[in-house]
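So the structure is just underneath, and the comments pick up after that.
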Amino acid sequence: MIWHENNDEMVIPLPNHFDMNANLNYLLREKNECMYEVENDVITKVIAIGEIRSLVQISVSQHNQMIVQFLNDSRPNDKRIRQQIVKYIYEWFDLENDLTPFYDMATTDPLLEMPARKFYGLRVVGIPHLFEALCWGVLGQQINLAFAYSLKKQFVESFGDFIEWKGKKYWVFPTYEHIAQLTPSDLADIKMTAKKSEYIIGIAKLMANGTLSKEKLQTMNFKDAEKSLIQIRGIGPWTANYVLMRCLRFQTAFPIDDVGLINSIKVLRNMTQKPTKDEILELSAPWKNWESYATFYLWRVLY
């Protein structure tokens, strides 16, 4: 993790195969997003490190460096906290990953050649906090993306925290400690199923009592981490692989039954029917160890 400070700014050199516009275009895909704002190629977001909340603006300079500026007097005095903020940004944009092998493979792959060229420099944009990733996975189950964003906004604005700056609220995702204290009836005003409310509270309780943590999952191999997540009520293979992909950064994570993935393959191959699981397995054989990136780029085709 490489970074330095320049007066009150933090400066992060960007790796090869990174294009800020490709990532901003992904971040702008849904107008109902409540966890950040993108305006004039600048991201404004609260980054929470424990109890410390910092409102930052992130942009990229002409020298291919990511510039992080603190707003609203939210710059932490402790350098260790600032280092954790850099770590969050590294995880968010997968900055430590060398994408050369992915692009080498994608160049000759009939499904990935076009997306890799069109969205060159796009990273698998992550969700570094485990509770947020799990909640987003549960909220998105069996509904369309627009409705999932609407549910997330209701959830965040009902139970999250915020920093106000220039008349706008910038939200912090609800903590698992807070949600673990609630009952499903407390979530009744949010237009999700009672089951989803139970699942989210159950996940929060597992995290609050220490049974479930990002640190524990990171010590496991892919199969054990997947199995551990699937054992949790409300988490099936799709949600587990989604979290393994976007939070825990397992590149072999592959939500093979994902509707978006299936539809993207159907579109790119001009198929009249959806591809079967066996067909997808055959098509994805060359993607070994890059399944998460292949999936993310194929999702991007549909936005």
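Computed from heavy atoms alone, side chains included, the values below leave out hydrogens, waters and symmetry copies.
Using modelled atom types, one finds no donor on one side chain facing an acceptor on the other under 3.5 Å when comparing Thr276 with Asp278. Counted by atom type alone, Thr100 and Asp98 present one or more donor-acceptor pairs between their side chains at under 3.5 Å. Between the side chains of Gln251 and Tyr293, no donor-acceptor pair of N or O atoms lies under 3.5 Å.
One N or O on the side chain of Ser284 and one on the backbone of Ile280 form a donor-acceptor pair closer than 3.5 Å. Checked by atom type and distance alone, the side chain of Arg269 never pairs as donor or acceptor with a backbone atom of Lys266 at under 3.5 Å. Lys195 places no side-chain N or O within donor-acceptor distance of the main-chain N or O of Gly234, the cut-off being under 3.5 Å.
At a threshold of 4.0 Å, the pair Glu33-Lys45 does not count as salt-bridged, since none of the basic side-chain nitrogens sits closer than that to a carboxylate oxygen. Remark: Glu5 engages Arg75 in a salt bridge, criterion side-chain N to carboxylate O under 4.0 Å. A salt bridge links Glu113 with Arg117: the closest approach of a Lys/Arg side-chain nitrogen to an acidic carboxylate oxygen falls below 4.0 angstrom.
No continuous path of ILVMFWY side-chain contacts below 4.5 Å connects Phe222 to Ile230, so the two sit in separate hydrophobic clusters. No continuous path of ILVMFWY side-chain contacts below 4.5 Å connects Val259 to Met245, so the two sit in separate hydrophobic clusters. Tracing side-chain contacts under 4.5 Å through hydrophobic residues (I, L, V, M, F, W, Y), one reaches Leu24 starting from Tyr120; they form part of the same cluster. Follow the hydrophobic side-chain contacts under 4.5 Å out from Val172 and you never reach Phe70; the two are in separate clusters.
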As a quick check of understanding, evaluate side chain to side chain contact (heavy atoms under 4.5 Å, CB included) for Ile85 and Ser54, giving each step before the final call.
CA-CA 9 Å; Ile85 291 170; Ser54 298; 3.6 Å; yes

Pair Glu91-Arg249, salt bridge (charged side-chain N to carboxylate O under 4.0 Å, His left out): steps then yes or no:
CA-CA 8 Å; Glu91 286 192 32; Arg249 293 298 184 188; over 6 Å; no

Full working for ring-ring contact (aromatic ring centres under 6.0 Å, His included) between Phe102 and Tyr297:
CA-CA 11 Å; Phe102 170 71; Tyr297 270 69; 5.2 Å; yes

For Ile179 and Phe159: C-alpha separation, side-chain torsions, deciding distance, then whether side chain to side chain contact (heavy atoms under 4.5 Å, CB included) applies.
CA-CA 8 Å; Ile179 302 302; Phe159 303 107; 3.8 Å; yes

Chi angles and distances behind the side chain to side chain contact (heavy atoms under 4.5 Å, CB included) call for Met192, Ser197:
CA-CA 7 Å; Met192 61 178 159; Ser197 299; 3.7 Å; yes

Full working for side chain to side chain contact (heavy atoms under 4.5 Å, CB included) between Trp136 and Arg246:
CA-CA 11 Å; Trp136 186 219; Arg246 294 198 64 192; 4.0 Å; yes

Intermediate values then yes/no, salt bridge (charged side-chain N to carboxylate O under 4.0 Å, His left out), Lys169 and Glu157:
CA-CA 10 Å; Lys169 291 178 180 177; Glu157 293 182 358; over 6 Å; no

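Remark: Asp94 CG to Ile89 CD1 distance equals 14.0 Å, nearest 0.5 Å. With values rounded to the nearest 0.5 angstrom, Leu122 atom CG is found 11.5 Å from Asn21 atom CG. Separating the CD atom in Glu177 from the CD atom in Gln181 is a distance of 9.0 Å, to the nearest 0.5 Å. Taking CG of Leu298 as the reference point, atom CG of Leu112 lies at 5.0 Å (rounded to 0.5 Å). Taken to the nearest 0.5 Å, the CZ atom of Arg82 stands 12.5 Å off from the CD1 atom of Ile49. A distance of 10.5 Å separates CD in Gln69 from CD1 in Ile58, rounded to the nearest 0.5 Å.
Between Thr252 and the options Asn241, Asn221, Asn289, a side-chain contact (heavy atoms from CB on, under 4.5 Å) holds for only Asn289.
For the pair Arg300 and Phe119, the cation-pi test (distance below 6.0 Å, angle within 45°) is passed.
Aromatic rings of Trp290 and Tyr103 (six-membered ring for Trp) have centroids beyond the 6.0 Å cut-off, not under it. No close placement of the Phe173 and His129 rings is indicated, their centers lying 6.0 Å or farther apart.
For Thr239, the side-chain hydrogen bond (donor to acceptor under 3.5 Å, both in side chains) criterion is met by Gln141, not counting sequence neighbours. With sequence neighbours excluded, no residue forms a side-chain hydrogen bond (donor to acceptor under 3.5 Å, both in side chains) with Tyr36.
Ring geometry for Tyr170 against Trp165 counts as tilted: the plane angle lies between 30° and 60°, on a 0 to 90° scale.
Of all non-hydrogen atoms in Cys34 and Trp171, the two that sit nearest each other are O-CB, 3.8 Å.
Two residues are said to be in side-chain contact when any heavy atoms from C-beta on lie closer than 4.5 Å; Val124 and Phe93 fail this criterion. Between Leu217 and Leu212 the shortest side-chain heavy-atom distance falls below 4.5 Å.
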